[in-house]
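All values below come from the heavy atoms of this structure, side chains included, with hydrogens, waters and symmetry mates left out.
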Amino acid sequence: MGLYACGLFRDIRQQASKAKQLGRMLSILAGLTLVMSGVGKLIGLEPMVLKFTHMGLVHLFKFVGISEVIFGTMILIPATFRLGFLFGSALLAGAITSHLPIHSDGAAWAIPSGSVITLLWAGAFFYDTDVFPTWLTRAAWINRLLGKFKVA
């Protein structure tokens, strides 16, 4: 309620269609997840420190935390969404690839980052299709899918 009262998320109801509203909500969820993960790293939560130490990346711990907060905030602000999408995707893809070779069950460790990047890409697909190539977003099946979410 507090963030909405500050005006940060009022643009959801101003979107032209339900698809764009859904995309904006998914993007906000991904952005908030990145911000909270970054704050956890900045305050030095013990499980996160141990995971970075185990991977041999403890020297990058605060840098990754700052990056997550900045990129998550960029995703939350509509004017910087596209750049935040690009940087956030790169950060999350790096997180996924850094977890896979370290642990014997690397896929399980990559699920949280994979979930956030899925939210981010799904949100961008519905909210701002201009982040994707036109050959993908102008396809007939995409227009039919997005047309099902139009406000009558």
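Rounded to the nearest 0.5 angstrom, Leu86 CG and Thr80 OG1 are separated by 12.0 Å. If you take CD1 on Ile66 and CG on Leu42, they are separated by 5.5 Å, rounding to the nearest 0.5 Å. To the nearest 0.5 angstrom, Lys20 atom NZ is 5.5 Å from Thr129 atom OG1. Interatomic distance, Thr53 OG1 to Met48 CE, rounded to the nearest 0.5 Å: 13.0 Å. Between atom CZ of residue Phe87 and atom CD1 of residue Ile75 there is a gap of 11.0 Å, rounded to the nearest 0.5 Å. Taken from CZ in Phe71 to CG in Leu34, the straight-line distance is 9.5 Å, to the nearest 0.5 Å.
The same ILVMFWY cluster, assembled from side-chain heavy atoms under 4.5 Å apart, contains both Val39 and Val116. Note: the hydrophobic cluster containing Phe63 does not contain Leu50 (ILVMFWY, side chain heavy atoms under 4.5 Å, direct or indirect links).
Ring pair Phe132/Phe85 is perpendicular by interplanar angle, where above 60° counts as perpendicular and below 30° as parallel. Relative ring orientation between Phe81 and Tyr127 is described as perpendicular, the plane-to-plane angle rising above 60° on a 0-90° scale split at 30° and 60°.
The shortest heavy-atom contact between Ala30 and Leu119 is CB-CB, 4.0 Å. When all heavy atoms of Gly44 and Lys62 are compared, the closest pair comes out as N-NZ, 4.2 Å. The heavy-atom pair separating Ser89 from Trp121 by the smallest distance is OG-NE1, 3.0 Å.
Counting only heavy atoms from C-beta outward, the side chains of Leu91 and Glu68 approach each other to under 4.5 Å. Using a 4.5 Å cut-off on side-chain heavy atoms (C-beta onward), Lys41 and Phe52 make contact.
With hydrogens and angles ignored, the 3.5 Å screen pairs no side-chain donor or acceptor of Ser37 with any backbone N or O of Thr33.
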